[in-house]
Amino acid sequence: MSTSKHEEEVRASFMNRAYVYLHIYDELVAELGPDKAKEIMKKAIFKRGVEVGSGFQKFAPADMKGLCDAFVGGSPADGALFRPEIERCDEGGIDLTFKRCPLKEAWLEAGLPEEKVALLCDIAAVVDYGTFEGNGFAFTADTYKPGADGCCHLHIRPGK
């Protein structure tokens, strides 16, 4: 598969985001410790997720097909960066697996230990909690674990 200039530019943007998260986390840890650093980052990233996902409110609480089409259809670089694989998309919910993640890839390429990559993935995934929970859906995610294949597994269910 050839890589387009657009895909490379979007990937570079995600890599930049990965390094910003890493450096903010490290600075917060130095000042406040790891627990407080994680807590602060998750609060801020959740808020951004709510903003990012505001366009999905029109599908809440239960138009799962519409949400699936909009979310997967809007995947950056036509899906090349995350390679979302739809495992379920019906009235009961959506289950997706991201086969790739440019954030995880950037952290691994930087030589971070897999345990720290998993921690950063856990923090970064809060954007999805904001995107979905913050906009009317029930949501859980299984994030990257050392040695695991792929990356996040998203589980979106109708809201209340």
Tyr144: which residues meet the ring pair (Phe, Tyr, Trp, His ring centres under 6.0 Å) condition with it, sequence neighbours left out? none
For a quick test of reading the model, state the closest non-hydrogen atom pair linking Ser4 to Glu7 and the distance between them. OG-N, 3.0 Å
So does Glu91 pair up with Lys65, basic N to acidic O under 4.0 Å? no
Tell me whether Glu39 is salt-bridged to Lys43, with the criterion being a basic N under 4.0 Å from an acidic carboxylate O. yes
State plainly whether the residues Asp122 and Lys145 are in salt-bridge range, i.e. N to O under 4.0 Å. no
Could you go step by step and tell me if Tyr25 and Ile123 meet the side-chain contact (heavy atoms from CB on, under 4.5 Å) rule? CA-CA 9 Å; Tyr25 176 78; Ile123 292 169; 3.8 Å; yes
Can you name the nearest heavy-atom pair linking Cys121 to Thr143, along with the distance? O-CG2, 4.0 Å
Measuring from Asp142:CG to Asp95:CG, what's the distance to the nearest 0.5 Å? 9.5 Å
Cluster overlap Val10 with Val52, hydrophobic side-chain contacts below 4.5 Å: no
Minimum heavy-atom separation for Ile86 and Cys68, please, with both atom names. CD1-SG, 3.8 Å
If only atom types and distance count, is the side chain of Lys104 paired as donor or acceptor with the main-chain N or O of Gly150 below 3.5 Å? yes
Any side-chain donor-acceptor pair under 3.5 Å between His6 and Asp78? no
For the ring pair Tyr129 and Phe139, is the centre-to-centre distance below 6.0 Å? yes
Which atom pair, heavy atoms only, marks the closest approach of Ala124 to Ile45? O-CG2, 3.9 Å
Just wondering, do Pro158 and Pro61 contact through their side chains at under 4.5 Å, heavy atoms? no
Nearest-0.5 Å distance, CD1 of residue Ile156 to CG of residue Leu67: 5.0 Å
Between the CG atom in Asp128 and the CD atom in Glu133, the distance rounded to the nearest 0.5 Å is 10.5 Å
Mind checking whether Lys36 and Lys38 have side chains closer than 4.5 Å, heavy atoms only? no
Spacing of CG belonging to Leu154 relative to CZ belonging to Phe71, to within rounding of 0.5 Å: 5.5 Å
State, yes or no, whether a side-chain contact exists between Ile24 and Met41 at a heavy-atom distance under 4.5 Å. yes
Which atom pair, heavy atoms only, marks the closest approach of Tyr19 to Ala106? OH-O, 3.8 Å
Heavy-atom side-chain contact between Leu103 and Leu120 under 4.5 Å: no
Would you please say whether a donor-acceptor pair under 3.5 Å links the side chains of Thr97 and His153? yes
Main-chain N/O of Thr131 paired to Asn135 side chain as donor or acceptor, under 3.5 Å: yes
Separation between CE (Met64) and SG (Cys89), nearest 0.5 Å, reads 7.5 Å
Checking side-chain contact (heavy atoms from CB on, under 4.5 Å) for the pair Glu87/Leu96: CA distance, chi angles, key distance, verdict? CA-CA 6 Å; Glu87 295 157 358; Leu96 299 169; over 6 Å; no
Using a strict threshold of under 4.0 Å (side-chain N to carboxylate O), is an ion pair present between Arg48 and Glu51? yes
Cys151 side, atom SG; Arg83 side, atom CZ - distance, nearest 0.5 Å: 13.0 Å
Does Arg11 come within less than 4.0 Å of Glu109, counting only side-chain N to carboxylate O? yes
Do the non-hydrogen side-chain atoms of Leu22 and Lys116 ever get within less than 4.5 Å of each other? yes
Which pair of non-hydrogen atoms, one from Gly92 and one from Asp90, has the smallest distance, and what is that distance? N-OD1, 2.8 Å
Can you name the ring pair (Phe, Tyr, Trp, His ring centres under 6.0 Å) partners of Phe59, sequence neighbours left out? none
Are Lys58 and Asp63 close enough, and set up right, to give a side-chain contact (heavy atoms from CB on, under 4.5 Å), and what steps lead you there? CA-CA 9 Å; Lys58 63 186 169 197; Asp63 180 359; over 6 Å; no
Mind checking ring pair (Phe, Tyr, Trp, His ring centres under 6.0 Å) for Phe14 and listing every partner two or more places apart, or none if nothing turns up? Phe82
Parallel, tilted or perpendicular: ring planes of Phe132 versus Phe137, cut at 30 and 60 degrees: perpendicular
